[in-house]
Amino acid sequence: LGSRGELTGGPTPLAQSLPGVVWVDAVPTALGAIAMWAVPREDRADLYGVEVSSSGEVRDQPTVLVADARAWQVAPAAGGAAIAVLTAGKARDSTGPLRIAFVDPEGHLDRKSVLVADGTTMEPDVDLAGIGDRLVLAWSDRRYGEPRLFSAVATPAGTLEKPPTPLGRPFGAQTVLRIVPPEAPKGPAFLVWENLI
């Protein structure tokens, strides 16, 4: 779509004959966008992505960006995208590590990734936002009993700058709803959560 809402290209099919799709998103790039979607598979999902040109043309075949995801969120990073993903554990309905994967502007998975936490006590309410030149994650974690708010900070270069840390004092069970990123580059961001008492 153009700046006045007019159709400038497409519609263009991204994929065909999928068994189901539970999430679709796109991250803008200098070349167009990276379109991403999730296909469910039992208690997990596989995330796919493909580069889309500014005129709406798919530039390559879709590829699997992340397999066995239980929860995920994306944000623009380093000209491409960052995906915070809580992977599935070995047992059904269990969780594995929380990582940040990076996708280049052409929609290909980068070799670098960031291990944020082992994930075994994490709830699947992970959120991610670009704040300034950092990637900020938030989630609820049961490592001290009831689910409690946690955060971590990483750089787009693939470094964990601030390890998982509780946000404030415990206040009963809590769950993350969303990080609202700043409108201005140096403006404040907001964390929205629910106290489940």
Side-chain angles (χ1 to χ4, degrees), residues 1-88 97-116 124-138 154-159 178-187 189:
L1 298 176
S3 60
R4 297 181 180 179
E6 74 277 15
L7 186 66
T8 61
T12 304
L14 298 175
Q16 297 182 9
S17 303
L18 296 176
V21 174
V22 293
W23 168 83
V24 178
D25 204 346
V27 171
T29 68
L31 305 172
I34 303 167
M36 291 169 276
W37 60 94
V39 176
R41 185 168 46 83
E42 296 181 356
D43 66 332
R44 58 201 67 196
D46 296 332
L47 277 58
Y48 292 78
V50 69
E51 180 189 5
V52 180
S53 72
S54 57
S55 62
E57 297 176 3
V58 173
R59 293 189 184 265
D60 204 348
Q61 292 296 316
T63 59
V64 176
L65 300 175
V66 177
D68 298 328
R70 290 292 310 278
W72 59 89
Q73 192 55 266
V74 300
I83 306 173
V85 58
L86 181 63
T87 54
L98 173 63
R99 294 184 176 276
I100 301 175
F102 294 93
V103 182
D104 68 23
E106 287 78 36
H108 301 123
L109 190 64
D110 197 316
R111 290 183 181 176
K112 69 181 175 188
S113 68
V114 179
L115 175 63
V116 178
D125 58 356
V126 176
D127 203 359
L128 171 73
I131 301 176
D133 58 352
R134 299 292 185 265
L135 295 165
V136 177
L137 298 93
T155 68
T159 303
R178 185 165 181 229
I179 300 174
V180 181
E183 183 177 355
K186 295 187 177 181

Holding to side chain to side chain contact (heavy atoms under 4.5 Å, CB included), I want the full list of residues that pass it with [X], two or more places apart in sequence or in another chain.
X: P182; answer: I131, A189
X: A138; answer: V176, I179, L191
X: A157; answer: T155
X: T87; answer: V85, P97

With a 4.5 Å cut-off on side-chain heavy atoms, are [Y] and [X] touching?
X: T63; Y: Y48; value: no
X: V52; Y: I34; value: no
X: V114; Y: T159; value: no

Set of residues satisfying salt bridge (charged side-chain N to carboxylate O under 4.0 Å, His left out) with respect to [X], sequence neighbours excluded:
X: R44; result: D68
X: E183; result: none
X: D133; result: none

Which residues satisfy the side chain to side chain donor-acceptor pair (under 3.5 Å) test with D43, sequence neighbours excluded?
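Expected list: none.
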With sequence neighbours excluded, residues passing side chain to side chain donor-acceptor pair (under 3.5 Å) with D127
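Here the qualifying residues are Q73.
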Over all heavy atoms of both residues, which pair between [X] and [Y] is shortest? Give the atoms and the distance, please.
X: L137; Y: A84; value: CD2-CB, 3.6 Å
X: A81; Y: M36; value: CB-CE, 4.3 Å
X: A82; Y: L135; value: CB-CD1, 3.8 Å
X: A45; Y: A38; value: CB-CB, 4.3 Å
X: A129; Y: P181; value: CB-CB, 4.2 Å

Could you name each residue pair satisfying salt bridge (Lys or Arg N to Asp or Glu O under 4.0 Å) that touches residues 54-67, not counting sequence neighbours?
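Passing the test, one end in residues 54-67: E51-R59.
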Nearest 0.5 Å please: distance from the CG atom of D25 over to the CH2 atom of W37.
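One gets 12.5 Å once the value is rounded to the nearest 0.5 Å.
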With W72, which of L65, L98, L86, L47 fulfils side chain to side chain contact (heavy atoms under 4.5 Å, CB included)?
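Among L65, L98, L86, L47, the one that satisfies the side chain to side chain contact (heavy atoms under 4.5 Å, CB included) with W72 is L47.
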Please output the side-chain donor-acceptor pairs of residues 99-106 that fall under 3.5 Å, not counting sequence neighbours, one pair per line with the distance.
unit_1 : atom_1 : unit_2 : atom_2 : d
D104   : OD1    : E106   : N      : 2.9
D104   : OD1    : G107   : N      : 3.1
D104   : OD1    : H108   : N      : 2.9

Could you give the side-chain donor-acceptor pairs of residues 4-15 under 3.5 Å, partners two or more places apart or in another chain?
unit_1 : atom_1 : unit_2 : atom_2 : d
E6     : OE1    : R4     : N      : 3.1
T12    : OG1    : G56    : O      : 2.6

